[in-house]
S.K.: 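Pasting a structure here, questions to come.
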Amino acid sequence: MAEHGGGHARKRSLAAAAFGRPVYSIDMYSTLLIDHLSPKNLLISVIRSGICRSAYPIPAHPPRAWFHDVGKLGVQADVLIASLSLPPSPGRLASRTASPALEDFLELRGIYVAAMKFRGSLAVSLVLAGSWQVVAAEPEHGLTTIHEKGRCAMRGQCGSAQLFWKEVPCADNGKAEEPESDLRQKLVDICGDKWSDGPICCDDAQVSLAPDFVCFNIDYNKQVDALEENLKTVNKLISSCPACRENFYNLFCTFTCSPDQSTFVNVTDTKEKDDKALVLEVDNLWSEEYSAGFYDSCKSVKFGPTNTPAMNFIGGGAKNYSDFLKFLGTKKFLGSPFQINFPVTEGGGFPGMDAAGGEAIPCNTTDKDFRCTCVDCNSACTELPEVSSALYCHVGAWPCLSFSVVLVYSILVFIMVAAVTAHVAYRKHTQSCNDRLRLLQDSAPSDDEDDDDEIIYNARTPTRAVPQHYALNAWCDKLFSRLARTASRFPALTIGSNLVIVGLLSLGWTRFSIERDPVRLWVSPDSAAAEEKLFFDSNFGPFFRAEQAFLVNDTNPTGPGPVLSYDTLHWWFGVEDQVKRLKAEGTEVTLNDICYKPTGESCVIQSVSGYFQNEGLDRNSWQDKLLDCTSDPASCLPDFGLPLDPKLILGGQNSSYLDSSALVVTWVVSNDEEGTVQFTNAASWEKSMNTLLRSVQDEAHDRGLRVSFNTEISLEQELNKSTNTDAKIVVISYIIMFIYASLALGSTTLTVRSILRNPSTILVQSKFSLGVVGILIVLLSVSASVGLFSALGVKVTLIIAEVIPFLVLAVGVDNIFLIVHEFERVNATRPELPIEDRLAKALGRMGPSILLSASMETVAFALGAFVSMPAVRNFAAYAAGAVVINALLQVSMFVSVLALNQRRVEAGRADCVPCVRVKQPISLDDNPVHNAQDEDSLQRFIRRTYAPALLGRKAKVAILTAFLGLFTIGLALLPTVELGLDQRIAIPNDSYLIEYFNDLYDYFESGPPVYFVTRELNVTKRGHQEQLCGRFAACDEFSLSTIIEQESKRPEVSFLATAAASWVDDFFLWLNPEFDTCCVDGRQACFEDRKPPWNAPLLRGMPEGKEYMYYLQRWLKAPTNVDCPLGGSAPYSNAVVFDNVTNTILASHFRSAHLPLRSQDDFIQSYAAARRIATEIEESNPGLSVFPYSKHYIFFDQYSTIVRVTLALVGSAIAACFIISSLLLGSIRTGLVIAVTVTMTVVDIGGAMAIAGVSLNAVTLVNLVICVGIAVEFCAHIARAFQFPSASLLDQSGAVSSRYFSLNKATDNRAAISSAFVGMDARAWAAMSQVGGSVFSGITITKLLGVCVLAFTRSKIFEIYYFRVWLALVLLAASHALVLLPVLLSWLGGPKGEYS
């Protein structure tokens, strides 16, 4: 490449050195470089004025006569040049002489030959005698030898360098020329007014010098036509941003036609074809300032139909201007037909050349002609208000609530320790002074007691406490006593009538149905989410059914590796062909019959195979093809017409998509309402697909790969499988509770001593059959409840089917134990009474307690009916009904069975086979009395050891401190309980879907689509158009599209990954008359002669009213293809629902997408963010009704209110329990103690949930309701026994306490002994002695056995949400009821009530 200026002197000096004679400069000359010189490829061209080249036929070995003929024609030529380029010879000089034929020709014309050696090449210039010049060629600077203003580097179109490729320009270092008027006008139309004068380097063909010396047939108009065609293609992608469009046009117009082209363009490689020098590679120098400004003006432009950045198509997704220019210049099929390099110009290296450019037009320019809108230009946006997200108070890493409760508890403990320390010091100080006083206080209690009085011990003298008469308790006592007498006197009538009633209620089973649809389970039909889903489905059709598969290479122990190879792709494409040919079992339905076809022809299949549909998979070129397609998806359109985003089909890539660890395929199937033909066919085909992909998994394993997949029906199938497995575990759990209850009831009258004394006691005293009947009563109550509510149309859920029997069994068994234990106590103390009277006394005592617990449980469960979630509401109804029916059956039917059983015992008949009489029956006189040595060991332990130890002063302080600490921990952990229900938990541990969901989170780089839906909007009016659009200057500042665009730029709060695909904007762009292949009437663009003229930025000349609807319908049917990528058929065919009668858009949606959502919190936050954005749009655009919709929203709507609902429901249940207990017990203080104990239990369960990883969701909400009910069950019986204590037990309190303290205290600690079990302490001891054993054996052990079986379930949801929660419930409720409650009652319980 020659240098400008001083280069001419250098040329002359070279010539003088070579020839030893003067050098005459000439103005017109050129050099032709010929690759790989040999006699067979020698090419000679006659060049006149550097323009016209001879097409005269040139033989491979020109004879001497041929040169004579050429010489005659060449007299008018200024310069005849032949350049010889040798193969590179690194490290040495190489030379080669011209052919003999050429030397002969030179001799004839009197031409001197000068040879100049350079690196690996030899250039020989042949100059006419008398006018010659040596040109020094420097190949490292390319083939453009002269770089000066007014000179070109290339010109015209010389044909294709490769088969089927676009044409490339010709190398031409000649002068720029003035174009003809037609060419000038065409150039101005394309590139702008600045090209209206001056020479250019894209010119018309010149006329030949002689008639029979024909110039090369180069059509320079084709060069301009190619420029126009290429820019038109780009214009359809970036026309919405005038600044980007202008910069793009300026770069390529300047590159193609600038008169100073050689100053910034250097041809570095050519190819000879048909006597033409085809340009293969050039250096194109542009300033860094212009390059960066050019990129910045285009980087945010959106391409509406695919709702992706236009940079993905025009720049291969470039992240900087270097990558952008590199992509533009890369040689590729359907792209640039020759290589255009954009080298860095800093530091020189290009002598004689200057970088083109200047300052690019910024997209936020103040020039209205070029200013871009916010949608396409970040810097042009008006900033949105800051999102006022819910701020959670923290002290360091601790939530404020956690920090506060820990601080308060610490202060309380400090105060208590200080008080105890001071008290101990004070007592030691005064001990010596008070010895005599303590001895006087160590007197025994008086024996003057009766059943209705309680001795209150104090430091000096005993006083009598008069019990309060409570009419409601007396009435309940009489009611249950009469009920027991009636049931025991007429057992057959009672049992028969109960069975008839249960049978009638159970007739409702004929309408029994299970609700499996998650939407109808967890979403209120009146909720906004349900109404919006119904609106979306009814207008746009149900959301697509997605069948998805992952092919992953992660079976190697060293870690994931590349999944892409020719063999793998060839095999996998065969698998996809099998899927296409797959038929639903028993039918002829194939994928083509059920798939989604946006264009009406081809199925939407998102797969790597879509890149190879046109050319097929070639072993040698598949990698290059894949890289080209991933960098420019628009150049590799699949059959369904929309570009394939590589993030949707490849995952786990590192530096290149070729390194991807996962290949993702998604088959999109049309959906319809359940029960329709389309739905049935799709579900049937998916079953066949499941079978096929199961076999493909084995094939993949043999190849060292792994396949995971999911079809639309997979989750339901796996959930059913999980349910079937869980049902077995639940049944086993029931059986274990059943066996335990049956055996434990018999132990109430069986002791080791009695068995040793008379072994036949086992046969008579066993109550196994009584336990069986008790369990059957529980099951009958469940059956009646299910039948009742099924008849009322309340559907059963899987939660109801699995939980209600467990719940009612737990509650019912407890009541059975209470009744039986109290009846045996009456038998022991009043054996002389008739059975009816004994049962009356027992039920009179326990009936009100059962009423108390059943009432509180029923109300607690019934409150759930006010929750909008159907699953919770239905559960509440079934649970409340089952508890009520169970309680009624137990106080009637079970009492009758108990009377019959007692008659059997007294008749000496064997259990289970009452027809067999035992020879030596046990009489009632042989039964041990209540306080004898043969009493139940558990009751004896509680009465003699546990209760006295529990109610010691120091023990009570320690217990209260410990439970307050536990309560503090629970409160502190509550803020850490997460929300959500991971669907991986809901399926069996060995399900194939586990791998699929893991791959989905690990490898799928795209988030779920989100639609912003408008309702009932007349978009034919300009005002509403401005509220929706975003790509024109006339659009509202905070229009729907603009707000979504700006929200997508702060994804950390919006969870949006892309702007909205605006059908309004793309429709208007489709009408652009510049796009003469889009909207066309005949041969003319639709709006070409529009009056007023079509003006997109100002929305002038746009259609309105009926005309709007006419063109809209045409656009929605227009195909989306390379000629017109703005056609609405593929991207928007189902996005707009209109009414031709009212000219109204009934519904339309604007599609965006979320970020990849990796956790339940992401899903919940994305829904909340979409709600916020929709509200923001409505507030900014009055009259616009917008809501967000995505497939997962319907399942996460519950989390927007679940915390508030949970607190309200649990709080209401506890408040109801407080009211009911206070009413039935006649004491607000005792009711408050129950409420406090239940509250502490539930809070501690919440803390256990946080530790055990149990998140809050609808399933947990149901469990928390159960927790309230069971906690009440644990507390109610002890509280009532405290409020209405047994007089006989109170009589024993002093003796037992004295005995305990005498065994466990120092003999000189007389004050401790005398102050034990007086007042409320004595009542707490009596309550524990009376019902503590029943609560422990009837509730705690029964539930614990049943819960522990659940640990063996295969289902994660049962293991987490049932086993963990229920285990915490049993342990915490039992500990609070059996440990904390007696302590609180002994301090805070209400006054003693009168027991009748």
S.K.: For the pair His1154 (side chain) and Pro1008 (backbone), establish whether a donor and an acceptor sit closer than 3.5 Å, ignoring hydrogens and angles.
M.R.: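 Not a single qualifying donor-acceptor pair exists.
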S.K.: Closest heavy-atom contact between Cys152 and Ile200?
M.R.: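 For Cys152 versus Ile200, the nearest heavy atoms are SG-O, 4.5 Å.
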S.K.: Would you say the side chain of Thr365 lies within less than 4.5 Å of the side chain of Pro362, judging by non-hydrogen atoms?
M.R.: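 A side-chain contact exists here, since the closest heavy-atom pair is under 4.5 Å.
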S.K.: With a 3.5 Å cut-off and no angle check, do the side chains of Thr263 and Asp260 form a donor-acceptor pair?
M.R.: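 Checked: Thr263/Asp260 side chains show no N/O donor-acceptor pair below 3.5 Å.
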S.K.: For Tyr1003 versus Asp554, what's the shortest heavy-atom pair and its separation?
M.R.: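 Heavy atoms only, the tightest pair is OH-OD2, 4.1 Å.
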S.K.: What residues, two or more places apart in sequence or in another chain, satisfy side chain to side chain contact (heavy atoms under 4.5 Å, CB included) together with Thr382?
M.R.: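 If we apply the side chain to side chain contact (heavy atoms under 4.5 Å, CB included) test to Thr382, skipping adjacent residues, the hits are Glu1037, Phe1038.
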S.K.: Between SG of Cys1124 and CZ of Phe1075, what distance do you get to the nearest 0.5 Å?
M.R.: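 That separation rounds to 8.0 Å.
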S.K.: CG/Leu143 to OG1/Thr270 distance, rounded to the nearest 0.5 angstrom?
M.R.: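 One gets 5.0 Å once the value is rounded to the nearest 0.5 Å.
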S.K.: Side chains of Asp189 and Trp195: closer than 4.5 Å at any heavy-atom pair?
M.R.: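 No, too far: nothing below the 4.5 Å cut-off.
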S.K.: With rounding to the nearest 0.5 angstrom, report the OG to CG distance, Ser660 to Leu626.
M.R.: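 Reported value, rounded in 0.5 Å steps: 7.5 Å.
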S.K.: May I have the step-by-step check of salt bridge (Lys or Arg N to Asp or Glu O under 4.0 Å) for Asp323 and Lys326, ending in yes or no?
M.R.: CA-CA 5 Å; Asp323 292 342; Lys326 180 180 178 180; 5.9 Å; no
S.K.: Would you say the SG of Cys381 sits less than 2.5 Å from the SG of Cys374?
M.R.: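 The answer is yes, since Cys374 and Cys381 bring their SG atoms under 2.5 Å apart.
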S.K.: With sequence neighbours excluded, tell me which residues meet ring-ring contact (aromatic ring centres under 6.0 Å, His included) with Phe1004.
M.R.: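 Listed in chain order: nothing, the list is empty.
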S.K.: Does Asp172 come within less than 4.0 Å of Arg155, counting only side-chain N to carboxylate O?
M.R.: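 A salt bridge links Asp172 with Arg155.
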S.K.: Keeping the roles fixed (side chain from Ser1166, backbone from Asp1162), state whether a donor-acceptor pair exists under 3.5 Å.
M.R.: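 Pair found, side chain donor or acceptor close to backbone of Asp1162.
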S.K.: Is a side-chain donor or acceptor of Ser287 paired with a backbone partner of Gly357 at a separation under 3.5 angstrom?
M.R.: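 No.
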S.K.: If you look only at distance, which donor and acceptor atoms sit under 3.5 Å apart when one is on a side chain in residues 638-655 and the other is two or more places apart or in another chain?
M.R.:
unit_1	atom_1	unit_2	atom_2	d
Asp645	OD1	Lys647	N	3.0
Ser655	OG	Asp659	OD2	3.1

S.K.: SG of Cys298 to SG of Cys363, below 2.5 Å?
M.R.: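 No, because the SG atoms of Cys298 and Cys363 are not under 2.5 Å apart, which misses the disulfide cut-off.
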S.K.: Could you check whether any side-chain heavy atom of Phe252 comes within less than 4.5 Å of a side-chain heavy atom of Val234, counting everything from C-beta outward?
M.R.: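 A side-chain contact is absent here, since even the closest heavy-atom pair is not under 4.5 Å.
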S.K.: Can you name the ring-ring contact (aromatic ring centres under 6.0 Å, His included) partners of Phe370, sequence neighbours left out?
M.R.: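 With sequence neighbours excluded, Phe370 shows a ring-ring contact (aromatic ring centres under 6.0 Å, His included) to no residue whatsoever.
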S.K.: Taking the six-membered ring for Trp and the single ring otherwise, decide whether the centroids of Tyr1132 and Phe1067 are under 6.0 Å apart.
M.R.: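 Between Phe1067 and Tyr1132, which both carry aromatic rings, the centre distance is not below 6.0 Å.
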S.K.: Only one of Phe248, Tyr249, Trp286 forms a ring-ring contact (aromatic ring centres under 6.0 Å, His included) with Phe294, so which one is it?
M.R.: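 The residue from Phe248, Tyr249, Trp286 that satisfies ring-ring contact (aromatic ring centres under 6.0 Å, His included) with Phe294 turns out to be Phe248.
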S.K.: Before accepting this row, confirm whether a basic side-chain N of the pair Asp628/Lys625 lies closer than 4.0 Å to the acidic partner's carboxylate O.
M.R.: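 Lys625 and Asp628: not salt-bridged.
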S.K.: So which heavy atom on Thr1042 is nearest to which on Cys1029, and how close?
M.R.: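 For Thr1042 and Cys1029, the tightest heavy-atom pair comes out as OG1-O, 4.2 Å.
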S.K.: Is there a side-chain contact between Asp1065 and Lys302, using heavy atoms and a 4.5 Å cut-off?
M.R.: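 The answer is no, as the side chains (C-beta and beyond) never meet within the 4.5 Å cut-off.
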S.K.: Under the criterion salt bridge (Lys or Arg N to Asp or Glu O under 4.0 Å), which of Glu1047, Glu1052, Glu1045 is the partner of Lys1049?
M.R.: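 For Lys1049, the salt bridge (Lys or Arg N to Asp or Glu O under 4.0 Å) check succeeds only for Glu1045.
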S.K.: Considering only residues two or more places apart or on different chains, which pairs with a residue in residues 238-258 satisfy salt bridge (charged side-chain N to carboxylate O under 4.0 Å, His left out)?
M.R.: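 Every pair satisfying salt bridge (charged side-chain N to carboxylate O under 4.0 Å, His left out) with a residue in residues 238-258: Arg245-Glu1074.
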S.K.: Please say which of Cys377, Cys244, Cys241 ends up in a disulfide bond (SG atoms under 2.5 Å apart) with Cys372.
M.R.: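 That would be Cys241.
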S.K.: Between Glu288 and Tyr321, is any side-chain donor less than 3.5 angstrom from a side-chain acceptor?
M.R.: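 Note: Glu288 and Tyr321 side chains meet the donor-acceptor criterion.
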S.K.: Which distance, rounded to the nearest 0.5 Å, do you find between the CD1 of Ile1043 and the CG of Leu384?
M.R.: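 Answer for the CD1-CG pair, Ile1043 versus Leu384, is 6.5 Å.
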S.K.: Could you check Cys201 against Cys257 for disulfide bond (SG atoms under 2.5 Å apart), going step by step and ending with a plain yes or no?
M.R.: CA-CA 5 Å; Cys201 281; Cys257 296; over 6 Å; no
S.K.: Which label fits Phe338 and Phe255: parallel for a plane angle under 30°, tilted from 30 to 60°, or perpendicular past 60°?
M.R.: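 Rings of Phe338 and Phe255: parallel, under 30°.
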S.K.: Could you give all pairs that pass the ring-ring contact (aromatic ring centres under 6.0 Å, His included) test and reach residues 297-316, with sequence neighbours left out?
M.R.: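 Of all non-adjacent pairs touching residues 297-316, those that pass ring-ring contact (aromatic ring centres under 6.0 Å, His included) are Phe303-Phe313.
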S.K.: Say you draw a straight line from CG of Leu617 to CH2 of Trp572; how long is it, rounded to the nearest 0.5 Å?
M.R.: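 Taking CG in Leu617 and CH2 in Trp572, the distance rounds to 14.5 Å.
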S.K.: Taking atom types as modelled, is there a side-chain donor on Lys194 or Asn250 under 3.5 Å from an acceptor on the other?
M.R.: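 Their side chains do contain a donor-acceptor pair, which is all the 3.5 Å distance test asks for.
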S.K.: Please report whether the SG atoms of Cys629 and Cys636 are separated by less than 2.5 angstrom.
M.R.: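 Answer is yes, sulfur atoms closer than 2.5 Å.
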S.K.: Answer whether the closest heavy-atom distance between the side chains of Ile361 and Asp367 falls below 4.5 Å.
M.R.: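 Counting from C-beta outward, Ile361 and Asp367 never come under 4.5 Å.
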S.K.: Kindly indicate whether the side chain of Leu325, heavy atoms from C-beta on, has any atom under 4.5 Å from the side chain of Tyr295.
M.R.: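 Contact flag for Leu325/Tyr295 side chains = no.
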S.K.: Hey, are the side chains of Phe324 and Ile314 touching, using non-hydrogen atoms and a 4.5 Å cut-off?
M.R.: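 Yes - at least one pair of side-chain heavy atoms lies under 4.5 Å apart.
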S.K.: To the nearest 0.5 Å, what is the distance between OG1 (Thr144) and CG (Asp283)?
M.R.: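 Interatomic distance, Thr144 OG1 to Asp283 CG, rounded to 0.5 Å: 9.0 Å.
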S.K.: State, yes or no, whether a side-chain contact exists between Leu663 and Phe550 at a heavy-atom distance under 4.5 Å.
M.R.: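 Of all side-chain heavy-atom pairs linking Phe550 with Leu663, none is under 4.5 Å.
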S.K.: Specify the closest pair of heavy atoms between Gln261 and Ala153, including all atoms of both residues, with the distance to one decimal.
M.R.: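 Here Gln261 and Ala153 meet closest at OE1-N, 2.8 Å.
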S.K.: Looking only at heavy atoms, which two atoms of Val1053 and Arg1172 are closest? And how far apart?
M.R.: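 Result for this residue pair: O-NH2, 3.6 Å.
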